[in-house]
Amino acid sequence: MVESLYSPQEESKSIWVFLEQSGGVLEGVSLEFLAKGRQMADEMGWQLTGLLLGKGVKKLAKEAIAYSADQVIVADDPLLGEFTIDAYGQVAYQAIMKWKPSVFLSGATPNGRDLAGRLAVRLRTGLNADCIGLQMNLETGVLVSEVSGFGGGVLAMIEMQKHRPQMATVRPGVFLPGEPDKTRKGEIIQLEVKLTKEMIRTKIKERVVGEGVDLTQAETVIVGGRGVNGDYAMMGELAKLLKGEVGATRPPVDEGHIERERMVGQTGTVCRPKLAIVWGGSGACHFVVGMHDAEL
Ligand SMILES: Cc1cc2nc3c(=O)[nH]c(=O)nc-3n(C[C@H](O)[C@H](O)[C@H](O)COP(=O)(O)OP(=O)(O)OC[C@H]3O[C@@H](n4cnc5c(N)ncnc54)[C@H](O)[C@@H]3O)c2cc1C
């Protein structure tokens, strides 16, 4: 087995969270990770560190501290203004090799997945992708990642004994964000960025932001399954009256009745609405996993 670039004996007792931001706003998944990371760090008596990359993002470090980070490492540079895997991968690698954290967590978002995959290969470590739960083994201090496998038939608890950092990605909506405390104190560390334009092979010509729906933010989700036979008009009306969003199971999405971004479940979105109403769905485990934290 290939050895990772540093060992458990060399690790610093800290949990790192990749603080994803877009347009100067911390992504919800970063706040969710800060809350979960805080709980795990407290259980271990470890430090919770945020890694913040971008251009003009220093002010977000204070926000991350308010949301429970002990320390935020900030790399602020014009070349980090847009996410490119060359730039973000390089800077995150530099930071990780400097401080050698025990755990590195990233959102299972398009950019978070990209970054985590690149780093895991470069650091010769493992990556537990798309975890549905995380916890620390309090006796051994090893991260336990819960991963569902074989189409949801198996729940695997994965521990990385010899490789560091212990990496995992989790989709938005799995953990709950905490409340900010603006009086919290923490440390902000500026990371010297060693980047040149030549190192970045991706050229971003235009940034197009879709007007897509974000089911993770909806307080009410009205889901239509195969049983509604592709008729979403009434559900749309109800969702509008309840100020909610329409969701779907997989069959109507596969049949082209509704957009893929509205799919709830293991391969769709994991959401946590206050109210969920499901019509014409059988409650398959792959669907339920995306809804089981609904309040009602
Ligand atoms: C790896 C993997 C990942 C998957 N990921 C997802 C995922 O993310 N999301 C997802 O949804 N699925 C996912 N699936 C598919 C999943 O296993 C189910 O097949 C799917 O959720 C079933 O959708 P359904 O409940 O709409 O359809 P069905 O199971 O066919 O249920 C339809 C229901 O509608 C009822 N019905 C029919 N007609 C009427 C009527 N007139 N009035 C009232 N009720 C009626 C039927 O009795 C039935 O209970 C995944 C599968 C795999 C293998």
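The chain is numbered in sequence order, starting from 1. First listed ligand is number 1; within each ligand, the first listed atom is number 1.
With a heavy-atom cut-off of 4.0 Å, Pro251 touches ligand 1 through its side chain alone.
If you number the atoms of ligand 1 from 1 as listed, the ones under 4.0 Å from a heavy atom of Thr267 come out as 3 (C), 4 (C), 5 (N), 6 (C), 7 (C), 8 (O). In summary, the atoms of ligand 1 found under 4.0 Å from a heavy atom of Gly280, numbered by their order in the structure, are 26 (O), 32 (C), 33 (C), 34 (O), 44 (N). Each of the following atoms of ligand 1 lies closer than 4.0 Å to a heavy atom of Gly225: 26 (O). Atoms of ligand 1 found under 4.0 Å from any heavy atom of Gly268, numbered from 1 in the order shown, are 8 (O). Close approach to Ala284 involves these atoms of ligand 1, each under 4.0 Å from a residue heavy atom: 16 (C), 17 (O), 18 (C), 21 (O). Taking every heavy atom of Gln266 and a limit of under 4.0 angstrom, the matching atoms of ligand 1 come to 7 (C), 8 (O).
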Anything under 3.5 Å between a donor and an acceptor, one on a side chain of residues 267-280, the other on a protein residue two or more places apart or in another chain? List them.
{"unit_1": "Arg272", "atom_1": "NE", "unit_2": "Gly173", "atom_2": "O", "d": "3.3"}
{"unit_1": "Arg272", "atom_1": "NH2", "unit_2": "Gly173", "atom_2": "O", "d": "3.3"}
{"unit_1": "Arg272", "atom_1": "NH2", "unit_2": "Val174", "atom_2": "O", "d": "2.2"}

Can I get a per-line list of side-chain donor-acceptor pairs under 3.5 Å for residues 223-232, giving both atom names and the distance, sequence neighbours left out?
{"unit_1": "Asp231", "atom_1": "OD1", "unit_2": "Ala233", "atom_2": "N", "d": "3.3"}
{"unit_1": "Tyr232", "atom_1": "OH", "unit_2": "Gly224", "atom_2": "O", "d": "2.8"}

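By the 6.0 Å contact criterion, NZ on Lys13 is enclosed, its count of non-hydrogen atoms from other residues, nucleotides or ligands being greater than 12.
Looking only at atom types and distance, the side chain of Glu159 has a donor-acceptor partner in the side chain of Gln161 under 3.5 Å away.
With atom 39 (C) of ligand 1 as the reference point, the heavy atom nearest to it among Gly227, Gly290, Ser148 is part of Gly227.
Of the polar atoms of Met263, none of the N or O atoms is found under 3.5 Å from an N or O of ligand 1, judged by distance alone. Taking distance alone, with nitrogen or oxygen atoms compared against 3.5 Å, Phe287 stays at or beyond that limit from ligand 1. When only interatomic distances are considered, the shortest N/O to N/O separation between Val264 and ligand 1 falls below 3.5 Å.
Put simply, the side chain of Lys36 gets close to the backbone of Leu134: a donor and an acceptor are under 3.5 Å apart.
To the nearest 0.5 Å, atoms CZ (Arg124) and OH (Tyr6) are separated by 14.0 Å.
Note that Arg122 lies in the cation-pi zone of Tyr93, set by a 6.0 Å cut-off to the ring centre and a 45° limit from the axis.
Under a 4.0 Å N-O distance rule, the pair Arg38/Asp42 qualifies as a salt bridge.
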